[in-house]
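Notes follow the structure.
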Amino acid sequence: MRWSQAFIPTLRDDPAGAEAISHKLLVRGGYIRQLMSGSYSLLPAGFRVRNKVRAIIAEEIDSIGGQEFLLPVLHPAEVWQRTGRWEAMGDELFRLKDRRGVDHVLGMTHEEIFTLVATELKSYKQLPQLWYHFQTKLRDEPRPKSGLLRVREFVMKDSYSFDLDEEGQAKQFDAHHAAYTRIFKRMGLETVPVEASSGAMGGSDSVEFMVQSTAGEDFVAFSGRCGYSANVERAQSRIPTVANTNPLEATEKFPTPGVRTIDALASFEGGAAAENQIKSLVYIVDEDPILVLMRGDHPLQEQKLADHLKAGELRPAHEDEIVDLLGAHPGSLGAVGVSDVRIVADVGLQGRNGMTTGANEDDFHLRGVDIERDIDVSEWVNLREVKAGEGCPSCDGDLEVYKAIEVGHIFKLGAKYSKTLGATVLDENGKARPIIMGSYGIGLGRAVAAIAEVHNDDKGLIWPVAVAPWEVIVTLVKTDPDTMAAGEHLYRDLKAAGLDVLLDDRNERPGVKFTDAELVGIPYRITVGPRGLADGNVEFVERAVGERSDIPLDGIVAHVKGLVDQALAG
RNA sequence: CAGGAUGUAGCUCAAUGGAAGAGCACCGGUUUUGGGAACCGGUGACGGAGGUUCGAUUCCUCCCAUCUUGACCA
């Protein structure tokens, strides 16, 4: 490609309102342009990067037996209604009607449609299967942000495995795990696989591939000693046990005028330390209220609650709903004497007595509460969100918590979709069995952004060779006939060697060209000018290193080719 | 959906209740250049609808859009 003919609109200024480094640099480097919130056009350079990411993924998924499909984006609502996700997905699902008034959805994922195709599988002899496609997903995100990191329209590689039994599915899951590790490594991403919640996808085992980055939106709990890693949505931790104090024969109601918070009760005369309080939270789960109990100083991890309840929709109850249910306002709530509401309590409260909690009467609390004795707990669940500094659950080290970008996610789906959509095969005994499935996703744009987020400096992007839009740029420092001729020649030789080359033949000041090359982030630069040519040399710079060296013109192609091959070999 | 912020030229930003400016970009010309050069000339903007006012880009209301802080996901 000749830069003089190329559309690579670089910008001097950061786009207004951009926070994430990848967002700023991808816009400034001429890779992407925003159409609207959460929707970006990929410009030629951006498209090239994405295609390299795509190729790496396709190669690795093919290597574990993947077969590429292309399934529709427009789906009949009826299929989503059959699996219950028409309701479960809520507002995030784009819905539309056709001219006859029939409901349709724009696919946000493809479990349903792939499963439908899989209903043609009839015999265990046809299994296992591994199917995938790269397809646009549309999600009406509540809040798109950070450029390509969180958008409403994006291309995802999603694969789906089909097996006769859990054992076969486990193999495919492990194969994906390994393939994902290779994929991300090849594109220059250091990932950590973490235990995760499978959320609305519905599944059992679930592993997310995380890239540590302050631009990320997930929090990962990590033990440097043993390597334990888990999304805080799932993470466990060890905390010191709290000894019970002040047990009472029976609960005792006492006035607490104006006390509405844990802190206020802790500092209130006759109150109790946060660790000796029971925090009572009311949630509405798919229309029904439930009462959630936590130790006063423990935060609730909502996803843990949602996972436990297998909830579709989960939200804190509104104040009027709370008053209707318990007869008091938030700040004076408790579970003592409550019998007609499901009560889910955190395991951190098990065995506790002498606790203080709201009396379900404004301005009154109860002390001396023995949880097992006084509260009708329906189930004990781990609901606490871990904090940095707490003990690792699998070694005696401490946990740290860092921000991360989720670049890949793999799930075991079991028979959830095959059962409801009728994807069954006959086993050796001629008995129909629902196919056991797994699903595995990687967002292309997000991967590109994650790479950009990690590989940059104050001058711009620094693409790993494997995903760079061009592997090498030839910068003509002057556009006189001799330099042009030498540059053109070199350009042809580099291309003949199989390299992706960009020739900067623009009639611009050298400074402009150097700065642009650095912003765009091309890994290797060859500078051609009259000065060097007089000695038979060109100048060579590796973007990541920045040091210039003179290399004979007749050896430069082999030099660069060698470096590129080495980089691609990993 | 709730809180906060912002909407002025292609981009990044100013100013103003009374004829809207800059830098960069772009077009024409001079300059022919080893780290975002100079000069001359030129094109080009007040998100939308109401309201207050003699007069609104400015003040008010609503709408829309974008960004940002909280729950979903690749």
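Note that the structure is predicted; figures quoted are calculated from it, not measured. Below, chain A is the first sequence line, B the second, and so on; all start at residue 1.
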message: For E542(A), give me all partners under side chain to side chain donor-acceptor pair (under 3.5 Å), at least two apart in sequence or on another chain.
response: none
query: Partners of R342(A) by side chain to side chain donor-acceptor pair (under 3.5 Å), sequence neighbours excluded?
result: E379(A)
message: So, using side-chain contact (heavy atoms from CB on, under 4.5 Å) as the criterion, who are the partners of F173(A) when residues are at least two apart?
response: Q169(A), D205(A), V207(A), I410(A), K412(A), Y440(A)
task: Kindly state each residue pair satisfying salt bridge (charged side-chain N to carboxylate O under 4.0 Å, His left out) with at least one member in residues 290-303 of chain A, sequence neighbours excluded.
output: R295(A)-D297(A)
With a cut-off of 3.5 Å and sequence neighbours excluded, list every side-chain donor-acceptor pair involving residues 525-535 of chain A.
from, atom 1, to, atom 2, distance (Å)
R525(A), NE, T527(A), OG1, 3.2

- prompt: Do any of residues 29-45 of chain A sit with a heavy atom less than 4.0 Å from RNA chain B, and if so which?
  reply: Q34(A), M36(A), S37(A)
Sequence-distant partners of Q236(A), side-chain contact (heavy atoms from CB on, under 4.5 Å), two or more places apart: Y228(A), N382(A), P393(A)
message: Once side chain to side chain donor-acceptor pair (under 3.5 Å) is applied, do any residues pair with S213(A), and if so which ones, sequence neighbours excluded?
response: none
task: Could you work out the separation of C46(B) and A9(B) based on their P atoms and round it to a whole Å?
output: 8 Å
field: Pair listing, ring pair (Phe, Tyr, Trp, His ring centres under 6.0 Å) test, anchored in residues 45-70 of chain A, at least two apart
entry: F69(A)-F114(A), F69(A)-W131(A)
Counterpart residues, ring-ring contact (aromatic ring centres under 6.0 Å, His included), relative to F540(A) (two or more places apart): Y524(A), H559(A)
message: Using 30° and 60° as the class boundaries, would you call the ring planes of Y40(A) and H23(A) parallel, tilted or perpendicular?
response: perpendicular
field: Protein-to-nucleotide contact annotation, 5' to 3' order, nucleotides 32-46 of chain B [B base; S sugar-phosphate only; - none; under 4.0 Å, heavy atom]
entry: -BBBBB---------
- prompt: Reading RNA chain B 5' to 3', what string of ( ), [ ], | and . shows its pairs, if Watson-Crick and G-U wobble pairs count only when both distances fall under 3.5 Å?
  reply: (((((((..((((....[..)))).(((((.......)))))....(((((..]....))))))))))))....
